Amino acid sequence: MFVVVEMVDTVRIPPWQFQRQLNEAIAEELNKKLANKVVYNVGLCICLYDITKLEDSYIFPGDGASHTKVHFRYVVFHPFLDEILVGKIKYCSQEGVHVSLGFFDDIIIPPESLQQPAKFDEAEQVWVWEYETDEGAHDLYMDQGEEIRFRVLDELFLDTSPTGPAAAVTDSAATSGAEDSSHKKEAPYTIIGSISEPGLGLLSWWNS
């Protein structure tokens with residue numbers, strides 16, 4: 001679920017931080033910049049693991065700060081495909097079951113990846129597994145807050161970095177008639193899960 005990733009970045013240290021140990025100041029700046037941020041095609045950054053190399057620091061004309069190229073390792077949340085995780089149901093919608101790990105919420109289990117047969121209860125706003133037994137079908141509800149075990153099926157990274165002026169003008173013209181939909185914030189990193197096999201799904205199903 002967590003991996004250590006090697007990274008390189010140039011860190012700017014302002015003059016009022018010069019009295020501190022360089023390693024401490026750089027570590028603080030790296031965590032300010034990366035902690036709880038998604039790096040495209042890397043994952044959700046958690047915290048600095050260690051600094052492996054500091055190159056020479058430079059002060060450029062017109063800027064009193066120091067600039068140091070830093071080689072470091074960072075702890076990143078990036079589960080591998082087919083990994084089994086346990087989270088809690090955040091809510092359900094027509095798009096599927098939305099799951100949270102507490103520190104990461106952008107997990108969805110689409111309808112086709114639920115235990116089948118499944119149906120969406122519009123009144124309760126929950127997905128229901130119509131579990132077949134010798135005595136007939138029993139409705140097993142996927143209620144908010146329930147613990148759920150799922151398999152990582154796929155992942156989706158979305159580049160949310162700012163666009164240039166030309167791209168912004170083009171995008172504005174293309175979406176002028178759909179302002180409401182443009183207000184929806186898209187997640188930079190989404191995990192697609194599945195519970196369509198025995199042993200997966202709500203923990204209460206298999207512990208009862």
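Quick caveat, the model's predicted, so the values are computed rather than measured. When reading the values below, keep in mind they use all heavy atoms of this one structure, side chains included, and skip hydrogens, waters and symmetry mates.
Taking the centre of each ring, His98 and Tyr91 come in below the 6.0 Å mark. Taking the centre of each ring, Tyr74 and Tyr49 stay at or above the 6.0 Å mark.
Separating the NZ atom in Lys53 from the CZ atom in Phe72 is a distance of 14.5 Å, to the nearest 0.5 Å. With values rounded to the nearest 0.5 angstrom, Arg73 atom CZ is found 11.5 Å from Ile51 atom CD1. One distance of note links CZ of Phe77 with CZ of Phe103; it measures 4.5 Å at 0.5 Å rounding. Expressed to the nearest 0.5 Å, how far NE2 of His78 lies from OH of Tyr189 amounts to 4.0 Å. Ser66 contributes atom OG, which lies 10.0 Å from atom CZ of Phe60 (distance to the nearest 0.5 angstrom).
Under the 4.5 Å side-chain heavy-atom criterion for Ile, Leu, Val, Met, Phe, Trp and Tyr, Phe2 and Leu85 are members of the same hydrophobic cluster. Under a hydrophobic clustering in which Ile, Leu, Val, Met, Phe, Trp and Tyr are joined whenever their side-chain heavy atoms come within less than 4.5 Å, directly or via other members, Ile13 and Leu48 fall into the same cluster. Linking ILVMFWY side-chain heavy atoms closer than 4.5 Å, directly or via other members, places Val152 and Leu156 in two distinct hydrophobic clusters.
Residues Gln19 and Trp16 approach most closely at OE1-O, 2.6 Å, considering heavy atoms. Ser57 approaches Leu22 most closely through the heavy-atom pair OG-CD2, 4.1 Å. When all heavy atoms are compared, the tightest approach of Ile191 to Pro79 is CD1-CG, 3.5 Å. Here the shortest heavy-atom pairing between Val42 and Met7 reads CG1-CE, 4.0 Å.
For Phe120, the ring-ring contact (aromatic ring centres under 6.0 Å, His included) partners are Trp127, not counting sequence neighbours. With sequence neighbours excluded, no residue satisfies ring-ring contact (aromatic ring centres under 6.0 Å, His included) with Phe80.
Other residues, nucleotides and ligands contribute at most 12 non-hydrogen atoms within 6.0 Å of the NZ atom of Lys69. More than 12 heavy atoms of other residues, nucleotides or ligands shown are found within 6.0 angstrom of CD on Glu122. Annotation: Gln21, atom CD; neighbour count of heavy atoms from other residues, nucleotides and ligands within 6.0 Å does not exceed 12.
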Atom pairs and distances, side-chain donor-acceptor, residues 139-148, under 3.5 Å, sequence neighbours left out:
unit_1	atom_1	unit_2	atom_2	d
Gln144	NE2	Lys90	O	3.4

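Not one N or O on the side chain of Ser194 forms a donor-acceptor pair closer than 3.5 Å with the backbone of Arg151.
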